[in-house]
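Counting starts at 1 for both ligands and their atoms, following the listed order.
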Amino acid sequence: MDLSQIDLMKKELVGLFGYPVEHSLSPVMHNAAFSKLDLDYLYLPFEVDPDNLKAAVEGIKGLGLQGVNLTIPHKKAVIPYLDEVSREAELIGAVNTIKNESGKLVGYNTDGRGFVRSLAEENFELHNKNALIIGAGGAARAIAFQFGLEGVHELYITNRTLEKAKNLVCDIEEKLELKNVQALSFKTKNLKEIITEIDLLVDTTPVGMYPNFEVEPVIDPSLIHQNMVVSDLVYNPVKTSLLRTANKKGAKIVSGLGMLVHQGAIAFELWTEKKAPIKLMSEVIKDEIENNKN
Ligand code: ATR
């Protein structure tokens, strides 16, 4: 961050708690958005050792921060220190955004909603569609619960470790009282038939992430068809090996960049109560990704 460009008399502070935080693109994205809207806000990265998380959260109140984002490894651990947690965050069991509401700390999870917004931006409405999620980690969990809330028709979750997909499915079935969610193994016999009916495929695994971008996608490319939308949460490179394959197959693609921008935009809107400048935020992130490669 170039401090000479920043008005240090700014009053409203927000930021990011993570460990580590130095590679995060959020500070540059949010500060550009504040600047564009002429808002008197500053976003700062804070490297918070897990042992100091409680004190850091108390510091939000003590220092009068308007809110923070949370990243690895604090998303779950922060929950006991908050005054209130939104329904989505409670269901997902993770918080990525805190808003300081006049001394009351409220936790939200904007990942799932951010992803759904990024799909809507590409004119994809989830309601009554069939979706397949690859992976069963934190990101998959946020997205799967959101898909459940949005009224997806059939939801399939597949994972290298099948047990984790099964646990996620059980949790969704129980908490959302749904019966249309199924775990699949990578080796499920009728995978091909199931995928024929899939409208949306989302890869939440880190496979294909820079610098290891010349890898085969997790899913067998022959299963991708032109009637599906394919999304990869990996946003560096913007066009991953999965998205390049999907492109060749004539499928519509949605980059993970959209989720990054929209989860941030929802946090921005929670803090400032202003509409986030999506286009600018997206351009800033793309530039940063390009510049960081050199
Ligand atoms: P995130 O918060 O980004 O979701 P995570 O919680 O660590 O990260 O989850 C990573 C997911 O990617 C997991 O589902 C993981 O599969 P396992 O549960 O079997 O570990 C999946 N994953 C990671 N590397 C993978 C690989 N090389 N091939 C297939 N799946 C992979």
Side-chain angles (χ1 to χ4, degrees), residues 16-21 23-26 50 69-79 88-89 91-97 107-116 118 131-148 155-172 181-188 191 195 201-221 223-224 230-238 240-243 245-246 254-264 267 285 289:
L16 171 69
F17 289 179
Y19 192 78
V21 282
H23 296 298
S24 173
L25 299 172
S26 294
N69 283 138
L70 296 132
T71 187
I72 294 167
H74 302 317
K75 288 181 172 190
K76 263 188 209 161
V78 75
I79 292 180
E88 289 149 327
L91 286 169
I92 298 164
V95 162
N96 76 336
T97 303
Y108 297 87
N109 193 310
T110 70
D111 285 333
R113 260 198 300 147
F115 183 63
V116 169
S118 79
L132 169 64
I133 297 174
I134 307 174
R141 194 177 165 81
I143 287 175
F145 267 97
Q146 194 63 37
F147 282 11
L155 176 58
Y156 300 96
I157 301 170
T158 186
N159 194 43
R160 181 175 62 181
T161 313
L162 179 61
E163 207 51 34
K164 273 171 71 182
K166 283 186 178 165
N167 289 343
L168 177 54
V169 166
C170 280
D171 214 15
I172 296 173
V181 193
Q182 260 188 67
L184 301 175
S185 123
F186 278 4
K187 296 189 181 104
T188 299
L191 199 60
I195 293 186
L201 173 83
V202 189
D203 188 348
T204 71
T205 72
V207 175
M209 195 186 287
Y210 181 85
N212 304 315
F213 50 85
E214 294 294 350
V215 293
E216 281 295 306
V218 176
I219 187 158
D220 174 356
L223 297 174
I224 296 173
V230 178
S231 184
D232 194 337
L233 297 198
V234 169
Y235 53 79
N236 185 6
V238 176
T240 58
S241 109
L242 171 65
L243 296 186
T245 306
V254 176
S255 155
L257 203 79
M259 175 170 167
L260 175 67
V261 170
H262 282 279
Q263 63 76 30
I285 294 279
I289 291 173

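- Among Leu201, Asn159, Thr204, Val202, the one residue that satisfies the side chain to side chain contact (heavy atoms under 4.5 Å, CB included) test with Ile134 is Leu201.
- Of all protein heavy atoms, the one closest to atom 20 (O) of ligand 1 is Arg160 NH2, 2.9 Å.
- Those atoms of ligand 1 with a heavy atom of Ala136 less than 4.0 angstrom away are 14 (O).
- Counting heavy atoms from C-beta on, the side chains of Leu243 and Val230 come closer than 4.5 Å.
- Using a 4.5 Å cut-off on side-chain heavy atoms (C-beta onward), Phe213 and Val234 make no contact.
- What sits closest to atom 16 (O) of ligand 1 on the protein, heavy atoms only, is Asn159 OD1, 3.2 Å.
- If you number the atoms of ligand 1 from 1 as listed, the ones under 4.0 Å from a heavy atom of Gly135 come out as 14 (O).
- Of the protein's non-hydrogen atoms, the one nearest atom 19 (O) of ligand 1 is Thr161 OG1, 2.5 Å.
- The shortest N/O to N/O separation between Pro206 and ligand 1 does not fall below 3.5 Å.
- Side-chain contact check for Ile219 versus Ile224: some heavy-atom pair is nearer than 4.5 Å.
- Between His74 and Tyr19 the shortest side-chain heavy-atom distance falls below 4.5 Å.
- Residues Phe145 and Leu168 meet the side-chain proximity criterion, which asks for heavy atoms closer than 4.5 Å.
- Atom CG of Asn69 sits about 9.0 Å away from atom NZ of Lys75, to the nearest 0.5 Å.
- Distance from atom 9 (O) of ligand 1 to its nearest protein heavy atom, with residue and atom name: Gly137 CA, 3.4 Å.
- The closest protein non-hydrogen atom to atom 4 (O) of ligand 1 is Ala139 N, 2.9 Å.
- Of the protein's heavy atoms, at least one falls inside 4.0 Å of atom 28 (N) of ligand 1.
- Geometrically, ligand 1 and Thr205 share no nitrogen or oxygen pair separated by less than 3.5 Å.
- Looking at ligand 1, you'll find an N or O of Gly138 within less than 3.5 Å of one of its N or O atoms.
- Side-chain atoms of Phe147 and Ile133, non-hydrogen and from C-beta on, do get closer than 4.5 Å to each other.
- Checked against a 3.5 angstrom limit, the closest N/O atoms of Thr204 and ligand 1 fall outside it.
- From Leu25, atom CG reaches atom CD1 of Ile285 across 4.5 Å, with rounding to the nearest 0.5 Å.
- Residue Val207 touches ligand 1 through its side chain alone, judged by heavy-atom distances below 4.0 Å.
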